Q: 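Before I ask anything, let me first share the structure, which is written out below as structure tokens.
For clarity, every value in this text was computed on a predicted model and none was experimentally measured. So you know, we letter chains A, B, ... as the sequences are listed, proteins then strands, and number each from 1.
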There are 2 protein chains.
Amino acid sequence: MNSLEEVEDFVRNGHRHYLPHLSIDPVIFGYHDQQLKILLLNWKGLNGWGLPGGFIQRREPLSQAAHRILQERTGLENVFLQQFHTFGDSPYRLQERNPREFFEKYGVDMGEDNWLFERTLSVGYFALVDYSKVNVRTDFFTQNYQWCDVKEIPSLLFDHNEAVDKALATLRLQIYHQPIGYKLLPEKFTLPEIHTLYETILGKELDPRNFAKKLVALGLIKKLAEQRAIGPHRSPYLYQFEKETYEDALKQGIVHTY
Amino acid sequence: MNSLEEVEDFVRNGHRHYLPHLSIDPVIFGYHDQQLKILLLNWKGLNGWGLPGGFIQRREPLSQAAHRILQERTGLENVFLQQFHTFGDSPYRLQERNPREFFEKYGVDMGEDNWLFERTLSVGYFALVDYSKVNVRTDFFTQNYQWCDVKEIPSLLFDHNEAVDKALATLRLQIYHQPIGYKLLPEKFTLPEIHTLYETILGKELDPRNFAKKLVALGLIKKLAEQRAIGPHRSPYLYQFEKETYEDALKQGIVHTY
DNA sequence: GCAAAAGTGTTTTATATACACCCATGA
DNA sequence: TCATGGGTGTATATAAAACACTTTTGC
């Protein structure tokens with residue numbers, strides 16, 4: 001949806017393809033440079049940052065819609081994606097859109113009987129993605145993007161700060177029950193890498209000896225024979241996740257600390 | 001919505017008051033007779049059991065809608081109510097309604113352009129209620145109800161078995177992080193009562209000595225001077241929740257086992 | 001006094017935490 | 001050889017689990 005014609009068609013005829021009153025706004029977590037980041041888009045017209053988002057097709061399963069939207073925005077498929085909350089309480093989620101304002105900002109006339117006019121609830125999903133594989137695609141409404149450190153999230157449009165906060169809280173709770181790291185790290189990784197990832201997600205320091213002990217004791221990761229050369233320092237060993245144990249832990253959950 | 005006239009008005013004019021495509025289906029847990037039960041309604045016409053449910057008013061906050069629906073169905077206010085999942089994947093949630101079938105079952109003509117015709121996603125909430133205070137109100141569609149032991153849930157209408165399973169799983173996970181018992185027990189209760197409640201929710205035996213030790217050590221409950229007479233046996237002491245500790249635990253969460 | 005349910009303490013085991021030194025590498 | 005980051009083991013403290021007998025009550 002990049003040209004004005006496409007947007008006009010979307011506004012006028014979108015109701016034939018999409019469900020009104022409902023959107024999906026994914027919080028996309030990527031890990032890079034020892035920082036946990038989320039993908040933000042800059043809204044043209046509104047002049048602010050927000051989450052990427054999209055609508056649900058009329059005959060499309062909800063989770064499939066979430067995957068499609070993510071694919072459209074980032075090019076990624078087979079991503080870890082988890083529903084965490086449906087938002088319908090904040091003032092923004094009660095609000096009808098203002099057709100005049102919409103016209104002024106985007107030059108598209110949306111009448112009061114338009115499918116986009118009324119309030120829209122949002123189903124929140126969060127995704128864990130390999131930062132390096134993401135190809136962000138912007139559109140008519142959103143012309144810039146940034147990966148923003150979760151420690152420095154600015155004031156966002158709509159109710160998106162609430163969504164980000166809740167996604168983070170859910171991620172931090174999940175990490176105690178599920179082996180989250182898998183999707184945020186490359187296939188082979190070093191102990192310091194996964195260690196820093198967990199510290200970053202939880203926002204606190206973890207003893208490196210106890211941490212390694214725990215992951216290995218749980219059988220979640222295994223040491224490989226290979227090492228990685230990292231400049232003028234000792235070469236760390238590479239590890240990878242144990243697929244079977246990992247899948248079990250995903251299904252059955254684990255209870256422990258790090 | 002008890003008379004045919006009311007139903008006809010709801011079918012024809014409901015779109016003015018309610019959001020289409022979205023419903024709320026609460027899983028209502030009650031505890032009675034040492035059993036964890038959920039409230040099921042019998043659908044007239046469909047001849048099967050399902051969860052109570054309702055629609056969201058056009059300008060009503062989502063969580064307020066959940067409370068209202070619960071109030072309408074059970075008469076209860078100020079109930080512990082928690083959103084746990086939004087359902088939009090199962091074949092039923094993709095399906096359009098069949099107007100002919102609807103006419104045959106209920107005698108109300110719903111055309112293909114009716115607001116109820118298209119697919120409806122469902123926001124799942126679960127409630128914890130004091131069984132003894134519930135006053136179930138049935139309506140035109142639902143003429144009987146039952147409190148059904150969670151161990152004996154029959155095959156339900158729509159995708160409601162999925163909702164019940166997920167609500168139960170969420171409740172069992174929550175019990176490790178939050179002091180769930182408060183809303184399912186009367187103000188004053190005995191140790192054996194809360195002990196059996198936790199065993200019932202978790203579906204496994206808990207050592208009574210360790211269990212009591214834990215709850216008291218966490219400061220969640222306190223022993224009162226009173227005892228309850230229970231026939232030809234030793235009188236158990238009464239306990240009650242410590243409100244401050246309880247509120248803290250609700251907010252900050254607790255990590256432990258029972 | 002008997003049947004039924006309530007109450008309680010200690011020991012063992014497992015898990016979590018705290019802590020410090022040596023090693024490998026490239027410049 | 002030095003600066004930097006990687007790697008590893010043990011001892012202590014805390015928490016969980018296992019376990020059995022005595023008390024109270026009404027009949």
Q: Mind calculating the distance between CZ (B/R228) and C1' (C/dG7) to the nearest angstrom?
A: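 Result: 16 Å.
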Q: Under 4.0 Å between any heavy atoms, over every strand shown, what does A/K214 touch: base, sugar-phosphate, or nothing? Just pick one.
A: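 Here A/K214 touches the backbone only, sparing every base.
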Q: Report the nucleotide, chosen from D/dG6, C/dA6, D/dG26, that has the shortest atom-to-atom distance to any side-chain atom of A/R234.
A: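 Out of D/dG6, C/dA6, D/dG26, the nucleotide with an atom closest to A/R234's side chain is D/dG6.
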Q: What integer distance in Å separates B/L218:CG from D/dA15:C1'?
A: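 These atoms are roughly 11 Å apart.
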Q: Does any donor atom in the side chain of B/Q82 or B/Q174 lie under 3.5 Å from an acceptor atom in the other side chain?
A: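 Yes, side-chain donor-acceptor contact under 3.5 Å.
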Q: Can you tell me how far P of C/dG26 sits from CD of A/Q227, to the nearest Å?
A: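 Those two atoms, CD and P, are 11 Å apart.
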Q: What's the CG-P distance between B/L206 and D/dA16, to the nearest Å?
A: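 Result: 13 Å.
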Q: Does B/E226 come within less than 4.0 Å of B/K188, counting only side-chain N to carboxylate O?
A: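 Salt bridge between B/E226 and B/K188, a charged N being under 4.0 Å from a carboxylate O: yes.
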Q: Considering every strand and a 4.0 Å limit on heavy-atom distances, what is the contact class for B/Y258: base, sugar-phosphate, or nothing?
A: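 Contact class for B/Y258: sugar-phosphate only.
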Q: Check whether any side-chain N or O of A/K223 sits under 4.0 Å from OP1 or OP2 of D/dT8, and answer yes or no.
A: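 Yes, A/K223 has a side-chain N/O under 4.0 Å of OP1/OP2 on D/dT8.
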Q: Any donor-acceptor pair, under 3.5 Å, between the side chain of A/K213 and the base of C/dT15, if you only look at N and O atoms?
A: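 In this structure, the two groups form no donor-acceptor pair.
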Q: Let me spell it out: for each of A/H233 and A/N210, pick the nucleotide of DNA chain C with the closest heavy atom. Which residue's pick is nearer the 5' end?
A: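 Taking each residue's closest nucleotide, the earlier one in sequence belongs to A/N210.
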Q: Start at the 5' end of DNA chain C and walk down; is the nucleotide closest to B/D207 or to A/S235 reached first?
A: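 Closest to the 5' end, via its nearest nucleotide, is B/D207.
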Q: Just checking A/F189 against A/F241, ring centres under 6.0 Å apart?
A: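 Yes: the rings meet the under 6.0 Å criterion.
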Q: Quick check: A/Y182 with A/F80 (ring centres under 6.0 Å apart)?
A: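 When the ring centroids of A/F80 and A/Y182 are compared, they turn out to be at least 6.0 Å apart.
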Q: Expressed in angstrom and rounded to an integer, what is the separation of A/F211 atom CZ from D/dT8 atom P?
A: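 Result: 14 Å.
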Q: Within this structure, what is the CG-to-C1' distance between B/L238 and D/dT24, rounded to whole angstrom?
A: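 Taking CG of B/L238 and C1' of D/dT24, I get 15 Å after rounding.
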Q: If each of A/L191 and B/G231 is mapped to the nucleotide of DNA chain D with the nearest heavy atom, which maps nearer the 5' terminus, i.e. the 5' end?
A: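 Its nearest nucleotide being more 5', the pick is A/L191.
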Q: Please report the distance, rounded to the nearest Å, between CD1 in A/I230 and P in D/dA3.
A: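 These atoms are roughly 18 Å apart.
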Q: Please answer whether the main-chain N or O of A/E162 pairs with a side-chain N or O of A/D159 as donor and acceptor at a distance below 3.5 Å.
A: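 A pair under 3.5 Å: no.
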Q: C/dG9, C/dA6, D/dG5: which one has an atom nearest the side-chain heavy atoms of B/R209?
A: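 In terms of side-chain proximity for B/R209, the closest of C/dG9, C/dA6, D/dG5 is C/dG9.
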Q: How long is the line joining CD of A/E226 and C1' of D/dG7, in whole Å?
A: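 After rounding, the gap between these two atoms is 18 Å.
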